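Just below is one structure, and these are the notes that go with it.
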Amino acid sequence: MTTGKTIVVLGGGIGGIVTASLLRKRLARMHRIVLVERETQHVFAPSLLWLMTGARRARQISRPLAPLARSGIELVHGEIERIDPTVRSVQVAGKEICGDYLVVALGAELAPETIPGLAEAGHNFYTLAGAQSLDAARTRLNQGHLVVLVSGIPFKCPAAPYEGAMLLEADLRRRGVRGQVSVDLYTPEPGPMPVAGPEVSAQVRQMVESRGIHYHPEHLVTGVDPSARRIQFKNGASAPFDLLAYVPPHRAPAVVRAAGLTGESGWVPVDRPTLATKFPGVYAIGDVAGIPLGIGKPLPKAGVFAHGEAEVVAHNIVHAITGAGKPQSYLGHGECFVEIGGGRAGFGSGNFFAEPAPQVRLRPPGRWLHLTKVLYEKYWLYRWF
């Protein structure tokens, strides 16, 4: 008879929610599923772009985690103080939790403080608070310079800064002040969404520039002067702003780095098909994982990849415990909507594990694709909560 196992899932984002929920559904109650998360609310991050432009409120894109306990998931709220991957244990608020399996789904740590002046000068629209403050600030901008800034790579959701610039530009048009406000997008990337290939990159750039948004690739920010409202770049250029919306630098969480889980890339290296780390019984999924592609660049960080990886890891843990089914491999398929404003969106999808390069196609923007994204948002929140 199988003895009860304990699976500890770290992180209540998309990857962690899917992993814990599928494990609880597929394993008998003799097995413990423990979900560790410092927040009490799950925020559906893809909808922050709508929140920052006034199309959503926090309550519409947030759900309390507490109801997950009704399904038999043990919720542990608190800051993770230590991870020991050699014995699959974590310390939370002084309490030690040990597991037979450990799934690290802690995402990326956002670190705007690593760039002088950035946090004081602008709005981090990758957080709920930052998107809310940007929503308030945009309504006060009637003239001057609006800047969308990517402050480092890699960053999650490769389309987000381009969507953000186009949605903010559409908001200026809606409010009748577009003629008095310039819109610029600065990024250290050579082009939009480069991993998707040159054709998709050119399509996204055309979408941005066709709206009169000035696009500045290969601009790496080194500092921001909040009082002078000026951005400095490594190449010697500088730029003024009256409203700054930024994507912050990303890095693996400090507790993950301290545990010795990260590799040369700064992220957790995993076996590409199984998401297994070098530590037996320990997996890493979502933004915290680093998965190299054949083109020499990493798999982008996005919720769709975290979701797919979670399904594979959950299935394989169930197989290891019960013997049911056959092991699965993660195949690297991904897709995302590209919002352009005015109730329209494009849709990119493809195989990111294809050789010699990812095979990705971008469907042109339309109203039906925007409606599909709205429906998917509602479905996801209903399905998992």
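Since we're looking at a predicted model, the values are computed, not measured. Numbers for residues simply follow the sequence, beginning at 1.
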Just one of Ile17, Leu10, Leu23, Ile7 clears the side-chain contact (heavy atoms from CB on, under 4.5 Å) bar with Leu35, so which one? Ile17
Give a yes or no answer on whether the side chain of [X] reaches the backbone of [Y] with a donor-acceptor pair at less than 3.5 Å.
| X | Y | value |
| --- | --- | --- |
| Arg257 | Ala252 | yes |
| His315 | Lys326 | yes |
| Arg363 | Ala345 | no |
| Asn316 | Gln328 | yes |
| Ser210 | Met207 | yes |
| Arg24 | Leu68 | no |
| Tyr126 | Lys156 | yes |
| Gln232 | Thr222 | no |
| Gln180 | Gln143 | no |
| Ser201 | Pro192 | yes |

Other residues, nucleotides and ligands only: do more than 12 of their heavy atoms fall within 6.0 Å of [atom1] on [X]?
| X | atom1 | answer |
| --- | --- | --- |
| Arg229 | CZ | no |
| Glu355 | CD | yes |
| Arg70 | CZ | no |

Shortest non-hydrogen contact from [X] to [Y]?
| X | Y | value |
| --- | --- | --- |
| Glu81 | Gly94 | OE1-N, 3.1 Å |
| Trp267 | Ala289 | CB-C, 4.0 Å |
| Pro161 | Val148 | O-CG1, 3.7 Å |
| Arg88 | Gly281 | CD-O, 3.7 Å |
| Pro269 | Thr262 | CD-C, 4.0 Å |
| Val43 | Leu128 | CG2-CD2, 4.2 Å |

[X] vs [Y] side-chain heavy atoms within contact, under 4.5 Å:
| X | Y | result |
| --- | --- | --- |
| Val338 | Pro365 | no |
| Pro188 | Val150 | yes |
| Asn142 | Arg140 | no |
| Arg82 | Val90 | no |
| Pro194 | Lys297 | yes |
| Thr19 | Tyr283 | no |
| Tyr101 | Val8 | no |
| Ile83 | Leu106 | yes |

To the nearest 0.5 angstrom, please state how far the [atom1] atom of [X] sits from the [atom2] atom of [Y].
| X | Y | atom1 | atom2 | value |
| --- | --- | --- | --- | --- |
| Leu362 | Phe347 | CG | CZ | 10.0 Å |
| Tyr246 | Leu134 | OH | CG | 11.0 Å |
| Arg178 | Leu168 | CZ | CG | 11.0 Å |
| Ile73 | Arg32 | CD1 | CZ | 13.0 Å |
| Leu244 | Leu118 | CG | CG | 6.5 Å |
| Tyr186 | Leu220 | OH | CG | 14.0 Å |

Does the distance from a Lys or Arg side-chain N to an Asp or Glu carboxylate O, for Arg63 and Glu39, drop under 4.0 Å? no
Not counting sequence neighbours, which residues clear side-chain hydrogen bond (donor to acceptor under 3.5 Å, both in side chains) with Ser151? List them please. none
Given the rule in the side chain to side chain donor-acceptor pair (under 3.5 Å) test, do Ser238 and Arg230 qualify, once you have shown the distances and angles that lead to the verdict? CA-CA 7 Å; Ser238 67; Arg230 199 155 195 93; 3.0 Å; yes
Quick check: [Y] with [X] (ring centres under 6.0 Å apart)?
| X | Y | value |
| --- | --- | --- |
| His219 | Phe233 | yes |
| Phe305 | His333 | no |
| Phe353 | Tyr330 | yes |

Cluster link [X] to [Y], ILVMFWY, side chain under 4.5 Å:
| X | Y | answer |
| --- | --- | --- |
| Ile14 | Ile61 | no |
| Val92 | Ile33 | yes |
| Phe125 | Val147 | no |

Quick one: do Asp135 and Arg57 satisfy salt bridge (Lys or Arg N to Asp or Glu O under 4.0 Å)? Show the steps, please. CA-CA 10 Å; Asp135 178 34; Arg57 291 291 175 256; 3.3 Å; yes
Run the salt bridge (charged side-chain N to carboxylate O under 4.0 Å, His left out) test against Asp100 and tell me which residues pass, sequence neighbours left out. none
If you draw the axis of the six-membered ring of Trp50, does the NZ or CZ of Lys373 fall within 45° of it and under 6.0 Å from the ring centre? yes
Report yes or no: do [X] and [Y] form a side-chain donor-acceptor pair below 3.5 Å?
| X | Y | answer |
| --- | --- | --- |
| Asp184 | His216 | yes |
| His250 | Glu109 | no |
| Glu96 | Ser89 | yes |

Tabulate below the donor-acceptor pairs under 3.5 Å that side-chain atoms of residues 378-385 make, not counting sequence neighbours, or state none.
residue: Trp380; atom: NE1; partner: His307; partner atom: ND1; Å: 3.4

Glu113 and Arg251: CA distance, side-chain angles, deciding distance, salt bridge (Lys or Arg N to Asp or Glu O under 4.0 Å) verdict: CA-CA 12 Å; Glu113 71 278 3; Arg251 62 188 179 190; 3.3 Å; yes
Apply side-chain contact (heavy atoms from CB on, under 4.5 Å) to the pair Leu149 and Val221, showing each step before the final yes or no. CA-CA 8 Å; Leu149 174 68; Val221 61; 4.2 Å; yes
Please test Glu79 against Arg38 for salt bridge (Lys or Arg N to Asp or Glu O under 4.0 Å), starting from the C-alpha separation and ending with a verdict. CA-CA 5 Å; Glu79 197 77 38; Arg38 65 184 176 188; 3.1 Å; yes
Before giving the answer on side chain to side chain donor-acceptor pair (under 3.5 Å), spell out for Glu377 and Ser47 the whole-Å C-alpha distance, their side-chain angles and the decisive distance to 0.1 Å. CA-CA 8 Å; Glu377 171 202 55; Ser47 296; 2.6 Å; yes
Could you walk me through whether Glu339 and His370 satisfy the side chain to side chain donor-acceptor pair (under 3.5 Å) test, starting with their C-alpha distance in whole Å, then the side-chain angles of each, then the deciding distance to 0.1 Å, before giving a yes or no? CA-CA 7 Å; Glu339 288 282 314; His370 169 75; 3.0 Å; yes
